[in-house]
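A short write-up of the structure that comes next.
Note that the structure is predicted; figures quoted are calculated from it, not measured. In what follows, every chain begins at residue 1, and chains take the letters A, B, ... in the order their sequences are listed.
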Number of protein chains: 2
Amino acid sequence: MPAGPVEARSKPRSIRVQDELTQRIDRGMLPAGSRLPSEPALAVELGVSRATLREALRALESEGLVRRMWGAGTYVADSRRVANSLDLNFGVTDAIRAAGMQAGIEQARHSMEPATVSEAARLELQPGSDVLVVERVRTADGKPIVLSRDILPGRLIAKRPEIADQMLTRSIYEVLERELGLVIHHGVASFRPVRADITVARRLGVPRGELLLAIWQVDYSEDGAPVLSSYEYHLADAFEFTVLRRGPGRRLS
Amino acid sequence: MPAGPVEARSKPRSIRVQDELTQRIDRGMLPAGSRLPSEPALAVELGVSRATLREALRALESEGLVRRMWGAGTYVADSRRVANSLDLNFGVTDAIRAAGMQAGIEQARHSMEPATVSEAARLELQPGSDVLVVERVRTADGKPIVLSRDILPGRLIAKRPEIADQMLTRSIYEVLERELGLVIHHGVASFRPVRADITVARRLGVPRGELLLAIWQVDYSEDGAPVLSSYEYHLADAFEFTVLRRGPGRRLS
DNA sequence: ACCTGAGAGTTGTCGGACAAGATACTAGGT
DNA sequence: ACCTAGTATCTTGTCCGACAACTCTCAGGT
């Protein structure tokens, strides 16, 4: 039973429609600013009812991909989708690849340790529970740019300890998804500028005091359980992070 | 006729439903994890059709406020809404107030200047067009923490130049909304750690080389037109910025 | 104690219909 | 010829009713 490959369980049709439209936009079939076919026409073309199509459109709208104007039509938003959007792209690996560079991993090691009090709180575990700690230096085109320390509950890999080794050579998100069927639903990230202390500086191969961006975050699975707590030290020039800020649409009185 | 009184009820009903549910969640009437009434029941209670309610629910879902499970019900998500979320809170003023401190402005000045080539591009203007430049030092409880430089198209205030003066004492977003009816729909922000150069250091009252977080962003109005381009230098310890990252829901092949 | 299946409840999808807003065109006046 | 106002038509918003697909619970049998 454990070796069950993830059955492509039937996703709601509206999700498929949403993905389809997202792809069309991303691939340029629907240029920014262009008008989509009318809802009845699009519904026929996609083989779904208008209600289902509207579900998808509503989702795309709140993602900011399209704008719907009453009586006028639905338009593809000027896709200010920047390459490395912090609130969309997940993981250092994706970010490096998005920048068109080769993602690599060096100085990787993992260990099972008892959770500190603060770590246990972040992951909603009992203090002292076993947690898997993975430390890695991420490289872009062979050059070190990020030092990361990832912490996840030990029980996740208790039955398949060999999974930890895979994390030394591949994205943790990839491993979680492919080996455990665990999909990250969302994460909460914080960041601030810091100076490299001697430990970090040595591992990244930069002088002490070098400018870094520290990012720490907790990722949650679909059912809201914390899955991964991570700390990253980025070289200041490594990435240009971007965030889409959604305006004060709804104001509480 | 031109002098039509602005009837405010032009918003789609689904938006009102969405706001209503958002308020109920924020006010604790719908605790995190609790189940919402069934769609037919909720629709009756809110006085809308089920289709309209579903539009609102779909939007709330993609905002991460609720989770819908096929055949099981709709549940309020564990709202990990952090205080100073970069992708939600807008403007330094809001951020300072959210932290429970008194927002102030010092060393404020404004001037009308011709747009540089890069600024013109950001604001989609002709190079050399007049732009209003507002420079301010923002304070929290009297202590300088942010140096900001805001740039907006001159035509916006061409007919009411006195508006520029208001920006020296209040949030630009507030002024835009109250005086011009301009509501920011979304913005694209980028950031990176920098060191304070002599100019910035002097104005913020910190030593040269101090750790800062530089944020630059462009804000857009509801119709997608760029309205405001701004540069901010934040003291590293001023805020703890947070971003809600939405998971890799849809993966492009 | 465990497994099995029927039932009720909930969300997903469908089809059609009408209302409300926006745009484009036409007829009328200047 | 130009502008204006009204109309025609298209598009999105909302509504209704119905059925399908899925979950969970609970009674019944093993």
Out of curiosity, B:R160 CZ to B:E179 CD, how far, rounded to the nearest 0.5 Å? 5.0 Å
Between A:S229 and A:E119, a side-chain donor and acceptor under 3.5 Å: yes
Between D:dT14 (C1') and B:R16 (CZ): distance, integer Å: 16 Å
Under the side chain to side chain contact (heavy atoms under 4.5 Å, CB included) test against B:Y173, which residue among B:V227, B:I184, B:T93 passes? B:I184
Over how many whole Å does the gap from A:L42 atom CG to D:dG13 atom C1' extend? 17 Å
Would you mind building the protein contact string for nucleotides 12-19 of chain C? One character per nucleotide, 5' to 3', B for base within reach (heavy atoms under 4.0 Å), S for sugar-phosphate only, - for untouched. BBBS-B--
Does either side chain, that of B:E232 or that of B:Q217, offer a donor lying less than 3.5 Å from an acceptor on the other one? no
Tell me yes or no: between the side chains of B:Q18 and B:E63, is some donor less than 3.5 Å from an acceptor? yes
Look at all strands and tell whether B:R35 reaches a base, only sugar-phosphate, or nothing, counting heavy atoms closer than 4.0 Å. sugar-phosphate
